Number of protein chains: 2
Amino acid sequence: MKGKPVRRGVVFKSAEGHASNAELDALVLDVLGRVADKWTMCVLEVLAQNGVLRFTRVGELVGSISQRMLTKTLRDMEADGLVLRTVYPEVPPRVEYSLTEMGTSLCAAFCGVWEWAEKHEPELRALRLKRDARD
Amino acid sequence: MKGKPVRRGVVFKSAEGHASNAELDALVLDVLGRVADKWTMCVLEVLAQNGVLRFTRVGELVGSISQRMLTKTLRDMEADGLVLRTVYPEVPPRVEYSLTEMGTSLCAAFCGVWEWAEKHEPELRALRLKRDARD
DNA sequence: CTGTATCCACCGGGATACTG
DNA sequence: CAGTATCCCGGTGGATACAG
């Protein structure tokens with residue numbers, strides 16, 4: 001599984017020491033499955049753009065997320081070492097969120113996907129329209 | 001996508017003509033929400049590595065996917081213009097799948113995420129172990 | 001302000017059986 | 001071989017109410 005001269009340097013594996021197909025599953029299910037969801041990507045972007053943010057502000061910037069999902073997403077990201085959560089013992093309480101190094105690097109990794117989405121969104125919308133017209 | 005001197009070239013938006021936060025939602029929900037799921041990424045990888053594949057072979061290479069999800073994923077990808085589906089009118093039937101240009105480019109976009117996952121997987125596993133120990 | 005706690009609807013996704 | 005058709009369960013995620 002190496003000889004393949006896949007066009008355009010697309011495939012990242014296929015070098016010898018790299019992940020086998022068995023490990024591919026583990027990687028996807030364990031890592032990507034927990035880190036590559038919609039809300040995580042949004043929070044990542046928002047924090048990367050704005051630096052340090054309070055709970056409510058993150059929600060505002062993400063836009064359509066519910067409080068429940070915002071809490072859950074931030075908690076999970078904290079547990080996975082993607083965000084840093086700082087609680088100030090004041091009243092009313094103040095909590096600030098920021099990206100860790102790992103969070104920042106993940107955001108960078110998603111950069112290509114954001115660009116792809118932005119670039120191909122019109123194309124996808126066109127396809128969807130034709131489909132809807134057919135049905 | 002160049003203006004903002006965000007550290008380490010992480011953020012891709014925030015240039016003037018780029019997506020606002022309102023559009024961010026649209027992009028995520030409409031495009032990424034349908035294209036960035038676990039199985040799509042796996043199928044994308046498998047097809048990028050192996051070129052043209054038959055239905056069953058795709059399933060084998062992905063590994064843990066159920067037939068139901070394989071069918072659904074391939075159908076959705078076809079509808080979104082990511083894969084090309086070719087049916088040969090034979091008996092027994094033969095159907096071949098391959099990536100379109102757009103599918104290939106999406107796979108390339110995910111490359112960074114795969115690399116991130118592979119690189120940080122040990123780090124994430126370590127965190128998870130500490131967490132499990134605490135509970 | 002920053003959450004937690006419920007209730008609940010929806011659908012992702014596995015197992016299984018059947019078809020052309 | 002390449003699917004389609006069901007059943008069914010658990011998790012996602014919204015709405016709402018309450019708490020420190």
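What you are looking at is a predicted structure, and each value in this text was computed from that prediction instead of being measured. Proteins get letters first, then strands, A, B, ... in listed order; numbering begins at 1 in each.
Side-chain contact between R57(B) and Y97(B) is absent, with no heavy atoms from C-beta onward closer than 4.5 Å. Side-chain contact between M41(A) and W114(A): present, with at least one pair of heavy atoms (C-beta onward) separated by less than 4.5 Å. Proximity of E101(B) to S105(B): side-chain heavy atoms (C-beta onward) are nowhere separated by under 4.5 Å.
Residue contacts shown for R75(A) are limited to sugar-phosphate atoms, with no base heavy atom under 4.0 Å away.
Side-chain N/O atoms of R85(B) include one lying less than 4.0 angstrom from OP1 or OP2 on dG3(D). Between Y97(B) and dC1(D), a side-chain N or O to OP1/OP2 separation shorter than 4.0 Å is absent. Residue T56(B) has a polar side-chain atom (N or O) positioned under 4.0 Å from OP1 or OP2 of dA2(D).
Placement of L84(A) and M77(A) in two distinct hydrophobic clusters is found when ILVMFWY residues are connected by side-chain heavy-atom separations under 4.5 Å, directly or transitively. Criterion: ILVMFWY side-chain heavy atoms under 4.5 Å apart, direct or through other members. Under it, V87(A) and V52(A) are not part of a common hydrophobic cluster.
Summarising the geometry, the separation between NZ on K72(A) and C1' on dT2(C) is reported as 18 Å, rounded to the nearest angstrom. Rounded to an integer number of Å, the gap from CZ of F55(B) to C1' of dG3(D) is 6 Å. For L74(B) and dG3(D), the CG to C1' distance is 11 Å, given to the nearest whole Å. Residue D76(B) contributes atom CG, which lies 15 Å from atom C1' of dG3(D) at whole-angstrom precision. One atom, CG of D37(B), and another, P of dT12(D), lie 14 Å apart when rounded to the nearest Å. Atom CD1 of I65(B) is separated from atom C1' of dG3(D) by 14 Å (rounded to the nearest Å). Straight-line distance from the NZ atom of K38(A) to the P atom of dT12(D): 12 Å, rounded to whole Å. Taking atom CZ of residue R34(A) and atom P of nucleotide dT12(D), one finds them 12 Å apart after rounding to whole Å.
Checked against dA17(D), dA2(D), dG14(D), the side chain of W39(A) finds its nearest nucleotide in dG14(D). Ranking dG14(C), dC1(C), dA2(D) by closeness to the R54(A) side chain, first place goes to dC1(C). Each of dG14(C), dG13(D), dG3(D) was ranked by its minimum atom distance to the side chain of M69(A); first place goes to dG13(D). The side chain of S66(B) lies closest to dG14(C) when the candidates are dG20(D), dG14(C), dA2(D). In this structure, of dG3(D), dC1(C), dC1(D), it is dG3(D) that holds the atom nearest to the side chain of T71(B).
Minimum interatomic distance between A117(A) and L32(B) (heavy atoms only, all atoms of both residues): CB-CD2, 3.8 Å.
Comparing Q67(A) and P92(A) along DNA chain D, the residue whose closest nucleotide (by nearest heavy atom) sits nearer the 5' end is Q67(A).
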List, with names and distances, any nitrogen or oxygen atoms from the protein found under 3.5 Å away from nitrogen or oxygen atoms belonging to nucleotides 7-9 of chain D.
none

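Under a 3.5 Å cut-off, the side chain of T40(B) and the backbone N or O of A36(B) do not form any donor-acceptor pair.
In this structure, R125(A) places its CZ atom where only 12 or fewer heavy-atom neighbours from other residues, nucleotides or ligands lie under 6.0 Å away.
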